[in-house]
Amino acid sequence: MKKTLICIGVCAALSACGGGGGDNNSNNNGSNDNQSSNPPASSPQAQPLAAQQTYIGTVSFGDTISVQIDAPSKGQITTTFVNSQFGLAGKLVGTYTLTNGHYVISGFQASGTVPAALSAGANAVGLQFTVTADGSNKGTLTGQMTNVPNVKAGNGLLSGQVTASNNGVTTVAGLAGTYSFIKLSGNYTASGVPSGDQSVDSGQIKINGDGTFRACPSQAYSPTCMDDANTSTADTGTIAVDPDQTTYPGAFDVTMNGASFGRLFVSTSGGANTLMLDQAGTNSEGTFRTGSWVLQSTQALTSGTYDGAWICSEPNTNDNNQLLGNVVATNVTIAGTTMTPANTSDSPVTLTYNATFNAAASANTPTYANGVNGLMAGLLSNTSNGQTVQSAMVFLPVSSTNIYYLDEVNGNGFFVQGLCTKQ
């Protein structure tokens, strides 16, 4: 977005990066789309959090974190880096202000054993979030974390969107259903420095009661769908209860196309499931790929549901696609099928509900993939310096007040994940 709501060239990059099958090095051409009943009684069970003030989930640069509200004392937030590809570990404690349900945390300080670089940079770390909860206090925490030191690299700052849950399900059968998703991951060297391409896509996935699943990037779910970049590959896998429920309460382990893929958390807030996947793996060339997925129980979206004023925020970058550690925000208004940035020099985005973009068919001109419930796609022509280019964005609402999206910030194939919050 980079101070606008315009995403240039998304579809060409999607075609180059491919879907879920591009994130590992094993292929599985068979269908794994079984309709299974509940798992046997002897199957291990997850132990999700008890819908209180502690949340566990993902930050979009590809780590697992937890957030505790009013800990260690009222008015404070404790953030714990549970698992990290960037050398982050330990706890940070800060003080929050709360205005209309919006938490803003400042003054983080290290607590206990923390890497030296994180301890030194703790005071600059920022965290803002909201919580959407139902009548049983089952909630989803959504927000953004900024100015996080990249400990492993020894320099640089990280920022990203936070998605976390204070509840969940106990068995893989509780995950069963069809979900719409957005995903973003990238290659990093062993020292935590970005290297090579990204994998970015959106679409649908179906999880069966036995934990098997099939992902359909750039398209609606079907039992015969194939990867958008490799039409001979079916993106299938399995989900199982994570054996370490003490460290990762409520978590599930995901295998994609025969390779370990990441760790999954779930929130059942509001009668629908929001899934958050911390993706991590190693590529054949020795780099690791890390990132995150956000998935939401699929339902048809209706024009008018999201009307109102929003603030859309995403990680800031320079022109060389380096994350600067902070975020940029844009005020927008949604009215029916039109999203209008407050900056009048930016063109409105025409939203197509229940659609994404067909990456395989979009070499240069973005092509809609319709009938993909749960997603919104926007396409427009933007003229800058006398040159007209196609612009596209993909949005995933996870509630009436929170919408995740993907954005190609500099128009050159590098993406970030963003979050729009209703005002």
Side-chain angles (χ1 to χ4, degrees), residues 1-14 16-17 58-63 84-86 88 117 121 124-128 143-163 182-189 191-202 279 287-294 311-332 341 343 345-346 349 378 382 384-385 389-395 403-421:
M1 191 155 52
K2 201 65 180 279
K3 301 185 178 65
T4 72
L5 251 182
I6 294 173
C7 169
I8 309 298
V10 61
C11 294
L14 287 174
C17 295
T58 64
V59 59
S60 61
F61 49 75
D63 284 359
S84 175
Q85 298 289 329
F86 300 96
L88 301 166
V125 173
L127 178 63
Q128 301 183 32
Q144 57 199 17
M145 178 170 273
T146 59
N147 293 322
V148 181
N150 187 336
V151 174
K152 182 178 288 187
N155 60 76
L157 297 170
L158 303 165
S159 60
Q161 309 302 323
V162 177
T163 315
I182 61 171
K183 51 160 288 191
L184 175 62
S185 63
N187 289 341
Y188 290 81
T189 67
S191 61
V193 177
S195 173
D197 69 348
Q198 292 177 303
S199 180
V200 54
D201 221 324
S202 57
Q279 180 185 337
T287 61
F288 68 86
R289 183 183 287 279
T290 185
S292 69
W293 296 44
V294 181
I311 293 181
C312 298
S313 304
E314 64 186 43
N316 194 14
T317 70
N318 62 20
D319 292 340
N320 295 320
N321 301 328
Q322 293 174 317
L323 295 173
L324 301 180
N326 62 334
V327 298
V328 291
T330 301
N331 291 290
V332 305
N343 185 349
S345 65
D346 296 331
V349 177
N382 179 48
S384 178
N385 297 323
V389 294
Q390 294 288 334
S391 306
M393 299 185 75
V394 180
F395 301 86
I403 302 174
Y404 285 91
Y405 66 92
L406 297 173
D407 180 29
E408 185 186 11
V409 287
N410 295 316
N412 56 14
F414 183 80
F415 289 80
V416 296
Q417 182 189 107
L419 173 65
C420 297
T421 303

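Numbers for residues simply follow the sequence, beginning at 1.
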Worksheet item: Taking it one step at a time, do Ile311 and Thr421 satisfy side-chain contact (heavy atoms from CB on, under 4.5 Å)?
Response: CA-CA 5 Å; Ile311 293 181; Thr421 303; 5.5 Å; no
Item to complete: To the nearest 0.5 Å, tell me how far Asp201 CG sits from Ile182 CD1.
Response: 11.0 Å
Fill in: Evaluation steps, side-chain contact (heavy atoms from CB on, under 4.5 Å), between Val294 and Gln417
CA-CA 10 Å; Val294 181; Gln417 182 189 107; 4.1 Å; yes
Response to the item:
Distance col, row Ser202:OG vs Leu184:CG, nearest 0.5 angstrom, shows 11.5 Å
Worksheet item: At their closest point, which heavy atom of Val332 faces which heavy atom of Cys312, and how far apart are they?
Response: CG2-SG, 3.8 Å
Practice prompt. Would you check if the side chain of Lys183 reaches a backbone N or O of Ser199 as a donor-acceptor pair within less than 3.5 Å?
Written response: no
Worksheet item: Hey, what do you get for OG (Ser185) to CH2 (Trp293), rounding to the nearest 0.5 Å?
Response: 8.5 Å
Practice prompt. Can you label the angle between the Phe86 ring and the Tyr188 ring as parallel, tilted or perpendicular, going by 30° and 60°?
Written response: perpendicular
Worksheet item: With side chains defined as the heavy atoms from C-beta onward, is the minimum distance between Val416 and Ser60 less than 4.5 Å?
Response: no
Item to complete: Test side-chain contact (heavy atoms from CB on, under 4.5 Å) on Ser313 and Leu419 and set out the steps.
Response: CA-CA 6 Å; Ser313 304; Leu419 173 65; 5.9 Å; no
Item to complete: Applying side chain to side chain donor-acceptor pair (under 3.5 Å), name anything that partners Asn155, two or more places apart in sequence or on another chain.
Response: none
Worksheet entry | Distance in Å, Leu324 CG paired with Ser159 OG, rounded so as to fall on 0.5 Å steps | 8.0 Å
Item to complete: Please name all residues satisfying side chain to side chain donor-acceptor pair (under 3.5 Å) with Thr163, sequence neighbours left out, ordered by chain then number.
Response: Tyr404
Worksheet item: Pro341 and Thr330: which non-hydrogen atoms are nearest, and at how many Å?
Response: CB-CG2, 4.3 Å
Practice prompt. State the CD-CG distance between Gln85 and Asn150, to the nearest 0.5 angstrom.
Written response: 11.0 Å
Response to the item:
Interatomic distance, CG@Asn326 vs CG@Asn147, rounded to 0.5 Å, equals 6.5 Å
Worksheet item: Quick one: side chain to side chain donor-acceptor pair (under 3.5 Å) partners of Ser84, sequence neighbours excluded?
Response: Asp63
Item to complete: Could you tell me which non-hydrogen atom of Pro315 sits nearest to which non-hydrogen atom of Gln161, and how far apart they are?
Response: CD-NE2, 3.8 Å
Worksheet item: What residues, two or more places apart in sequence or in another chain, satisfy side chain to side chain contact (heavy atoms under 4.5 Å, CB included) together with Gln128?
Response: His102, Val104, Gln144
Worksheet, complete the sentence: Heavy atoms of Ser292 and Val59 approach each other most closely as CB-O, 4.5 Å
